Participant: 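Input: one structure, supplied below.
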Amino acid sequence: MKKSLKLAALALGACMLLPLAACGDDVPEGTTEISFWYDATITANKYYEELARTYNEGQGKIDGVYVRPELTGGISTGARPYLTKDSPNVMTIDETVFKDFAVDGLYTDLTEYYENDKEFYNENDVPAGLANRNRFTRNAGGISYAGEGQQLVGLPFGSTPFVVLYNKRAFNDYKINIVSCEKENLQTQYPSLQPHGYAEYLNSPFDGAVSSTNLAGETVYKVFNNRIPMNWEEMRYLAKCFTKTKENGTGYNPTSPTAYGYVSEWWFNYAWSVGGDCVGYNGEKYEFTLGDTTPNYLVTDKDGVTINSVHYAAGETVCYEDKVKLTSTDGLTALPSTYEAIAEINRFPIPEGKSYDDGVPG
């Protein structure tokens with residue numbers, strides 16, 4: 001198959017339009033060969049090769065397609081080997097340089113495939129906001145447009161989750177009951193539990209639960225579910241539970257089994273816990289939203305709510321694109337703004353006697 005300067009891009013750091021092939025295999029006669037360039041660590045590379053074999057030895061034979069991969073260092077961070085005659089048909093690309101390549105007009109418009117073949121790209125499996133970040137139209141007049149309604153020039157493969165580790169021994173010392181149950185299984189396994197990462201109950205929520213005293217001095221049943229993400233308030237509260245009170249009175253919990261309750265160099269979990277992000281799409285353009293001081297919203301109506309033609313289930317946070325079009329807050333509970341979330345995590349390393357808010361516009 002003749003190689004082209006037009007590429008299909010895969011955004012979000014890694015992955016593929018088609019699973020990969022093992023290096024060195026011969027292309028079966030009468031099969032269309034697809035060249036695929038990707039960037040991966042040594043640890044991740046073996047999984048690409050496994051996917052390669054699986055596809056080429058199975059679905060690839062049905063499709064009449066053979067994917068030949070090539071580990072190409074630097075391709076996801078801005079290297080430009082695609083300008084050569086040996087450019088790939090498909091490549092991985094990092095979000096930070098995705099639009100740089102789009103401005104150069106090097107991507108193939110995938111809109112027709114998307115509209116005519118739902119097996120090619122199932123919109124139900126990918127949040128609309130994530131897909132819209134891979135839409136870009138490059139006009140001849142030099143003006144380019146991105147976001148909803150533009151050409152689909154890349155496919156989001158996934159995202160890298162942020163994981164917060166917790167200390168089981170400290171949780172046990174503070175008499176926190178730890179369970180592992182997905183939200184959809186709560187009704188059958190733990191019918192008395194709420195769909196929260198952390199919650200406290202006045203009555204025993206399940207057999208064997210241990211009671212203890214909380215920060216307010218109440219006797220409650222503390223439950224941590226390690227299968228459900230915590231929201232803003234849950235995470236802040238747990239951090240206080242494990243921050244020991246010092247002699248000068250600072251801190252929150254004199255009986256804490258640990259000196260400090262939380263440490264992280266990242267702001268992501270705080271911003272995401274309230275539904276915020278660094279960039280938000282407002283329906284017409286992308287906006288830098290770390291300084292957004294308007295409230296975010298959590299859906300609390302048990303039947304969910306529909307905003308801007310998008311249905312949100314109970315427990316979900318409203319995305320920026322829909323939040324800016326809100327006409328009613330019925331069924332919603334206000335959360336801190338993205339600005340408040342960022343300010344919170346920036347306050348952690350500030351020495352006593354100093355203030356993050358000094359000279360910072362509110």
Side-chain angles (χ1 to χ4, degrees), residues 127 159-187 189-190 192-202 205-206 209-210 212-216 218 220-244 251-253 256-258 260-278 290 295-302 304 312-320 323 332-348:
S159 60
T160 303
F162 185 91
V163 178
V164 177
L165 303 179
Y166 66 96
N167 188 311
K168 287 185 178 180
R169 184 170 59 185
F171 273 42
N172 289 331
D173 288 346
Y174 192 57
K175 301 296 189 296
I176 293 179
N177 300 276
I178 302 174
V179 300
S180 300
C181 184
E182 291 80 1
K183 182 171 63 174
E184 56 269 23
N185 297 326
L186 284 177
Q187 192 58 43
Q189 296 183 27
Y190 295 96
S192 296
L193 290 185
Q194 295 296 314
H196 292 283
Y198 178 80
E200 296 179 351
Y201 302 84
L202 294 177
F206 54 84
V210 177
S212 57
T213 304
N214 65 10
L215 292 182
E218 304 167 324
V220 296
Y221 295 85
K222 309 164 187 170
V223 180
F224 174 71
N225 189 341
N226 60 22
R227 296 298 179 88
I228 296 180
M230 290 185 290
N231 63 28
W232 160 273
E233 289 298 344
E234 292 164 12
M235 190 165 186
R236 291 176 76 241
Y237 181 80
L238 267 186
K240 291 180 179 180
C241 291
F242 291 98
T243 302
K244 196 174 189 67
Y252 298 97
N253 183 12
S256 170
T258 59
Y260 297 99
Y262 174 77
V263 62
S264 174
E265 63 178 310
W266 299 105
W267 56 265
F268 303 120
N269 52 317
Y270 263 70
W272 289 341
S273 70
V274 296
D277 207 337
C278 57
L290 285 187
N296 289 291
Y297 291 95
L298 175 73
V299 177
T300 51
D301 190 301
K302 64 182 181 63
Y312 289 87
E316 293 183 320
T317 51
V318 180
C319 75
Y320 182 80
K323 183 185 79 168
L332 304 175
T333 295
L335 294 173
S337 68
T338 305
Y339 174 83
E340 290 177 84
I342 300 304
E344 180 80 7
I345 196 159
N346 284 334
R347 290 187 180 104
F348 289 157

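This chain uses plain numbering: 1 for the first residue, then up along the sequence. The structure presented is a predicted model; accordingly, all values stated were derived computationally and were not measured.
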Participant: Taking C-beta and beyond as the side chain, do Val274 and Ser337 meet within less than 4.5 Å on heavy atoms?
Facilitator: no

Participant: Hey, could you give me the CD/OG1 distance between Glu316 and Thr300, rounded to the nearest 0.5 Å?
Facilitator: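 If I round to the nearest 0.5 Å, the distance is 12.5 Å.
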
Participant: Closest approach of Thr213 and Tyr174, non-hydrogen atoms and distance?
Facilitator: O-OH, 3.8 Å

Participant: Give a yes or no on whether Tyr190 atom OH has more than 12 heavy-atom contacts from other residues, nucleotides or ligands under 6.0 Å away.
Facilitator: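 Correct, the count exceeds 12.
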
Participant: Tyr201 and Gln194: side-chain donor and acceptor closer than 3.5 Å?
Facilitator: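 No donor-acceptor contact under 3.5 Å links the two side chains.
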
Participant: If you look at every heavy atom in Tyr237 and Leu215, which pair is closest and at what distance?
Facilitator: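 Where Tyr237 meets Leu215 most closely, the heavy atoms are OH-N, 3.4 Å.
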
Participant: Under a 3.5 Å distance rule, please check whether Asn225 uses its side chain to pair with a backbone N or O of Cys181 as donor and acceptor.
Facilitator: yes

Participant: Roughly how far, to the nearest 0.5 Å, is CD of Glu233 from CG of Leu335?
Facilitator: 8.5 Å

Participant: Nearest 0.5 Å, what's the CG-OG1 distance between Asn253 and Thr258?
Facilitator: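 Output value for this atom pair is 8.5 Å.
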
Participant: Could I get the full list of salt bridge (Lys or Arg N to Asp or Glu O under 4.0 Å) partners for Glu182, not counting sequence neighbours?
Facilitator: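 With sequence neighbours excluded, Glu182 shows a salt bridge (Lys or Arg N to Asp or Glu O under 4.0 Å) to Arg227, given in chain and number order.
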
Participant: Between CG of Asn296 and OH of Tyr320, what distance do you get to the nearest 0.5 Å?
Facilitator: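 One finds 10.0 Å between CG of Asn296 and OH of Tyr320.
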
Participant: Cation-pi check, Lys222 to Tyr198: give yes when NZ or CZ is under 6.0 Å from the six-membered ring centre and within 45° of the ring axis, no otherwise.
Facilitator: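 That pair does not qualify as a cation-pi contact.
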
Participant: Under the salt bridge (Lys or Arg N to Asp or Glu O under 4.0 Å) rule, collect the residues that match up with Lys323, sequence neighbours excluded.
Facilitator: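 Lys323: salt bridge (Lys or Arg N to Asp or Glu O under 4.0 Å) contacts with Asp292.
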
Participant: If only atom types and distance count, is the side chain of Thr243 paired as donor or acceptor with the main-chain N or O of Gly261 below 3.5 Å?
Facilitator: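 Yes; judged by distance alone, with no hydrogens or angles, the pair exists.
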
Participant: Quick check: does any side chain N or O of Gln189 sit under 3.5 Å from a backbone N or O of Leu186, one acting as donor and the other as acceptor?
Facilitator: no

Participant: Would you name the heavy atoms of Asp173 and Pro257 that are closest together and state the gap between them?
Facilitator: CB-CB, 3.9 Å

Participant: Going through the checks in order, is the side-chain contact (heavy atoms from CB on, under 4.5 Å) test met by Ile176 and Leu238?
Facilitator: CA-CA 10 Å; Ile176 293 179; Leu238 267 186; 3.8 Å; yes

Participant: Go through the side-chain N and O atoms of Tyr166 and Asn226 and say whether any donor and acceptor fall under 3.5 Å apart.
Facilitator: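 Yes, a side-chain donor-acceptor pair sits under 3.5 Å.
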
Participant: Please find the pair of heavy atoms, one from Glu234 and one from Met230, that lie closest to each other, and give the distance.
Facilitator: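 Nearest pair, atom of Glu234 first, then Met230: OE1-CA, 3.3 Å.
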
Participant: Any chance you could measure Cys241, atom SG, to Lys175, atom NZ, to the nearest 0.5 Å?
Facilitator: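 Result: 13.5 Å between the selected atoms.
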
Participant: With heavy-atom distances below 4.5 Å as the criterion, would you say the side chains of Ile228 and His196 are in contact?
Facilitator: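 A side-chain contact under 4.5 Å is absent here.
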
Participant: Which is it for Tyr252 and Phe242 under the ring-ring contact (aromatic ring centres under 6.0 Å, His included) test, yes or no, and what are the steps along the way?
Facilitator: CA-CA 8 Å; Tyr252 298 97; Phe242 291 98; over 10 Å; no

Participant: Rounded to the nearest 0.5 Å, what separation is found between the CG atom of Leu193 and the CG atom of Asn185?
Facilitator: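 It comes to 12.0 Å.
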
Participant: Tell me whether the count of non-hydrogen atoms from other residues, nucleotides or ligands lying under 6.0 Å of CD in Gln187 goes above 12.
Facilitator: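 Atom CD in Gln187 is not packed in, count stays at 12 or less.
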
Participant: Would a 4.5 Å heavy-atom cut-off, applied to side chains only, mark Val299 and Val318 as touching?
Facilitator: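 Yes - at least one pair of side-chain heavy atoms lies under 4.5 Å apart.
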
Participant: What about Tyr297 and Tyr312, are their ring centers closer than 6.0 Å?
Facilitator: no

Participant: For the OH atom on Tyr260, are there more than 12 heavy atoms of other groups (residues, nucleotides or ligands in this structure) within a distance under 6.0 Å?
Facilitator: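 No.
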
